[in-house]
There are 2 protein chains.
Amino acid sequence: MHRPKHCRCWHKYPERGWIQFLIMRVLYEKPTHGYQLLEEIEKRSLGCHKLETGSLYTLLRRMEDRGLLESKWEKTENGPDRRVYRLTSKGIEALRMGLASIVKRKKLFEDLAEFYHEKFEKPPKGGEK
Amino acid sequence: MHRPKHCRCWHKYPERGWIQFLIMRVLYEKPTHGYQLLEEIEKRSLGCHKLETGSLYTLLRRMEDRGLLESKWEKTENGPDRRVYRLTSKGIEALRMGLASIVKRKKLFEDLAEFYHEKFEKPPKGGEK
DNA sequence: GAACTATATAACCCTGTTACATATATAACT
DNA sequence: AGTTATATATGTAACAGGGTTATATAGTTC
């Protein structure tokens with residue numbers, strides 16, 4: 001009676017925090033500052049997903065508040081300073097769990113994709129008017 | 001200068017409205033009432049996603065408000081009446097667009113899945129401490 | 001009255017967007 | 001020397017939408 005029906009983990013639903021996974025995935029490989037992340041994200045999302053700067057910095061801020069990321073300022077010679085983010089161990093764990101959740105639903109994605117091809121791409125056969 | 005940077009379609013992000021796609025996908029095939037949808041959704045999501053009744057009816061209501069669905073009450077012999085929903089043409093179009101968006105990002109999903117297997121599933125080789 | 005079928009809604013939290021605002025550096029133009 | 005433009009770089013408040021939670025109701029069957 002007292003068991004929680006859902007754990008309250010923020011990553012419970014893969015369709016939530018989608019972009020955060022992309023961010024963490026990049027950060028997993030190397031610490032990166034925000035502006036550079038914009039390009040990386042766009043590249044990895046194959047141009048499908050253009051992040052506005054406001055979105056990104058808001059997300060980074062919140063992720064750091066949540067302890068998934070850490071940042072430090074980095075001096076540059078020729079330009080404004082940068083804030084470089086890196087994944088914390090908590091962030092790595094969150095990424096691992098989140099991706100596991102996505103992987104688990106891969107079939108569901110494929111199923112929807114198949115449905116799409118079946119119903120919306122196949123040319124209607126004669127008499128289908 | 002005056003072009004909108006993003007279209008404001010509600011289905012812009014496939015990771016949003018995820019569950020609504022599942023709902024519409026079921027309704028595409030046949031008109032269904034809410035309670036039955038609960039079972040269908042759970043089945044199709046392979047048990048990964050258990051919808052609470054509150055979530056479903058909230059979604060159905062909002063989708064009807066938006067013109068994606070239509071409903072009519074159905075008398076039953078042995079139980080409370082049911083509200084049967086069906087997809088409108090607007091709903092079909094939304095489903096088509098939403099799934100197209102998902103399909104377009106299939107690579108992205110696969111990429112994340114691959115990353116997961118690579119980084120989080122492969123056993124570390126000797127000396128990897 | 002317990003269990004199952006069936007629907008409903010208000011309050012809430014989280015995610016991501018929008019629409020701004022700011023600061024540094026470089027290059028070009030006047 | 002001052003202005004303007006552009007690229008680099010960060011930031012935030014207010015908002016909209018999606019899904020959950022907690023709770024309520026009602027009919028039917030046993």
Side-chain angles (χ1 to χ4, degrees), chain A residues 1-24 32-39 41 45 49-66 68 71-85 94 98, chain B residues 1-2 4-24 32-39 41 45 49-66 68-69 71-85 94 98:
Chain A
M1 277 304 169
H2 287 280
R3 71 193 148 70
K5 287 174 182 173
H6 295 292
C7 80
R8 242 147 270 219
C9 312
W10 67 274
H11 54 264
K12 172 95 215 265
Y13 300 97
E15 63 276 12
R16 310 198 72 167
W18 173 247
I19 298 186
Q20 293 177 62
F21 292 136
L22 289 179
I23 291 171
M24 289 194 285
T32 311
H33 63 275
Y35 198 78
Q36 192 181 352
L37 272 168
L38 285 174
E39 292 165 8
I41 297 294
S45 67
H49 204 106
K50 175 86 163 54
L51 264 186
E52 296 300 317
T53 68
S55 303
L56 180 69
Y57 290 113
T58 300
L59 287 172
L60 288 173
R61 174 56 47 97
R62 295 209 279 236
M63 289 165 83
E64 184 165 25
D65 289 345
R66 227 181 276 142
L68 303 177
S71 67
K72 60 174 200 285
W73 285 92
E74 190 186 72
K75 294 266 180 231
T76 56
E77 302 275 294
N78 53 351
D81 292 350
R82 298 159 171 170
R83 190 169 191 165
V84 177
Y85 287 89
Chain B
M1 276 305 170
H2 287 280
K5 287 173 180 175
H6 294 292
C7 79
R8 241 147 271 217
C9 312
W10 67 275
H11 55 264
K12 172 97 215 264
Y13 299 98
E15 65 277 13
R16 308 200 74 168
W18 173 246
I19 299 186
Q20 293 177 63
F21 293 136
L22 288 180
I23 291 171
M24 289 194 285
T32 312
H33 63 275
Y35 197 79
Q36 191 181 353
L37 272 168
L38 285 173
E39 292 165 8
I41 296 294
S45 66
H49 204 107
K50 175 83 164 57
L51 265 186
E52 296 299 318
T53 67
S55 304
L56 179 68
Y57 291 112
T58 300
L59 288 172
L60 287 173
R61 174 55 47 97
R62 295 209 279 235
M63 290 166 83
E64 184 165 24
D65 288 346
R66 226 181 277 142
L68 305 176
L69 309 181
S71 66
K72 61 173 197 285
W73 285 93
E74 189 186 72
K75 293 266 177 229
T76 56
E77 303 276 294
N78 54 351
D81 293 351
R82 299 160 171 169
R83 191 169 190 162
V84 177
Y85 287 89

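Each chain gets a letter, A, B and so on, in the order the sequences are listed, and its residues count up from 1.
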Student: Please report the distance, rounded to the nearest Å, between CG in A:Leu60 and C1' in C:dG16.
Tutor: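 In whole Å, C:dG16 C1' and A:Leu60 CG are 13 Å from each other.
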Student: Please work out if B:Leu59 contacts a base, only the sugar-phosphate, or nothing of the nucleic acid, heavy-atom cut-off 4.0 Å.
Tutor: sugar-phosphate
Student: Using atom CD of B:Glu74 as one end and atom P of C:dA6 as the other, report the distance to the nearest whole Å.
Tutor: 10 Å
Student: Hey, what do you get for CD (B:Gln20) to CG (B:Leu22), rounding to the nearest 0.5 Å?
Tutor: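 Reported value, rounded in 0.5 Å steps: 10.0 Å.
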Student: Report the residues that fulfil side chain to side chain donor-acceptor pair (under 3.5 Å) with B:Ser55, sequence neighbours left out, ordered by chain and then residue number.
Tutor: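 Partners of B:Ser55 under the side chain to side chain donor-acceptor pair (under 3.5 Å) test: none.
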Student: How close do A:Ala94 and A:Leu68 get, heavy atom to heavy atom, and via which atoms?
Tutor: CB-CD2, 3.8 Å
Student: Which one, D:dA9, C:dA8, C:dT15, comes nearest to the side chain of A:Gln20?
Tutor: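 The listed nucleotide nearest to A:Gln20's side chain is C:dT15.
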Student: Can you name the side-chain contact (heavy atoms from CB on, under 4.5 Å) partners of A:Glu39, sequence neighbours left out?
Tutor: A:Tyr35
Student: Within the modelled atom types, does a donor on one side and an acceptor on the other bring the side chain of B:Thr53 and the base of C:dA8 under 3.5 Å apart?
Tutor: yes
Student: Specify the separation, in whole Å, of atom CE of B:Met24 and atom P of D:dG19.
Tutor: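 B:Met24 atom CE is separated from D:dG19 atom P by 10 Å.
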Student: Can you see if the side chain of A:Thr58 gets near the phosphate of C:dG16 - specifically, an N or O under 4.0 Å from OP1 or OP2?
Tutor: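 Checking C:dG16 against A:Thr58, no side-chain N or O comes under 4.0 Å of OP1 or OP2.
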Student: How long is the span from the CG atom in A:Leu51 to the CD1 atom in A:Ile19, to the nearest 0.5 Å?
Tutor: 5.0 Å
Student: C:dA23, OP1 or OP2 - any side-chain N/O from A:Arg82 closer than 4.0 Å?
Tutor: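 It does not, given that no N or O in the side chain of A:Arg82 lies less than 4.0 Å from OP1 or OP2 of C:dA23.
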Student: May I ask you to list the residues of residues 32-39 of chain B, by number, that have any heavy atom positioned under 4.0 Å from an atom of DNA chain C?
Tutor: B:His33, B:Gly34, B:Tyr35
Student: Please determine, for the side chain of A:Tyr57, which listed nucleotide (D:dT20, C:dA6, D:dT12) has the closest atom?
Tutor: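 The answer is D:dT12, which lies nearest to the side chain.
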Student: Please list each protein N or O that sits under 3.5 Å from an N or O in nucleotides 27-30 of chain D, with the distance.
Tutor:
none

Student: Take atom CD1 of A:Ile19 and atom C1' of C:dT17, then tell me their distance rounded to the nearest Å.
Tutor: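 Answer to the nearest Å: 9 Å.
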Student: What's the CG-P distance between B:Asp65 and D:dA16, to the nearest Å?
Tutor: 16 Å
Student: Return the value, rounded to whole Å, for the distance between atom CG of B:Leu22 and atom C1' of D:dG19.
Tutor: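 Nearest whole value for this atom pair: 13 Å.
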Student: Rounded to the nearest 0.5 Å, what's the gap from CD1 on B:Ile23 to CG on B:Leu59? Could you check?
Tutor: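 CG of B:Leu59 is found 5.0 Å from CD1 of B:Ile23.
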Student: Write down the distance between CD (A:Glu52) and P (D:dA13), rounded to a whole number of angstrom.
Tutor: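 After rounding, the gap between these two atoms is 19 Å.
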Student: For D:dA9, take OP1 and OP2 only and decide whether either is under 4.0 Å from a side-chain N or O of A:Arg83.
Tutor: no
Student: Under the salt bridge (charged side-chain N to carboxylate O under 4.0 Å, His left out) test, which residues partner A:Lys75, sequence neighbours left out?
Tutor: A:Asp81
Student: Check whether any side-chain nitrogen or oxygen of B:Arg62 sits under 4.0 Å from OP1 or OP2 of D:dG18, and answer yes or no.
Tutor: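 The answer is no; no side-chain N or O of B:Arg62 sits under 4.0 Å from OP1 or OP2.
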Student: Which nucleotide wins on minimum distance to the side chain of A:Ser55, given the candidates D:dT10, C:dA8, C:dT18?
Tutor: C:dT18
Student: Applying side chain to side chain donor-acceptor pair (under 3.5 Å), name anything that partners A:Ser71, two or more places apart in sequence or on another chain.
Tutor: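 So A:Ser71 forms a side chain to side chain donor-acceptor pair (under 3.5 Å) with A:Glu64, A:Arg83.
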Student: Starting from P on D:dT20, measure out to CG on B:Leu56 and report it in whole angstrom.
Tutor: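 These atoms are roughly 10 Å apart.
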Student: Please enumerate all residues that pass side-chain contact (heavy atoms from CB on, under 4.5 Å) together with B:Gln36, with sequence neighbours excluded.
Tutor: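 Expected list: B:Lys30, B:Thr32, B:His33.
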Student: Run the side-chain contact (heavy atoms from CB on, under 4.5 Å) test against B:Thr53 and tell me which residues pass, sequence neighbours left out.
Tutor: B:Leu38, B:Tyr57
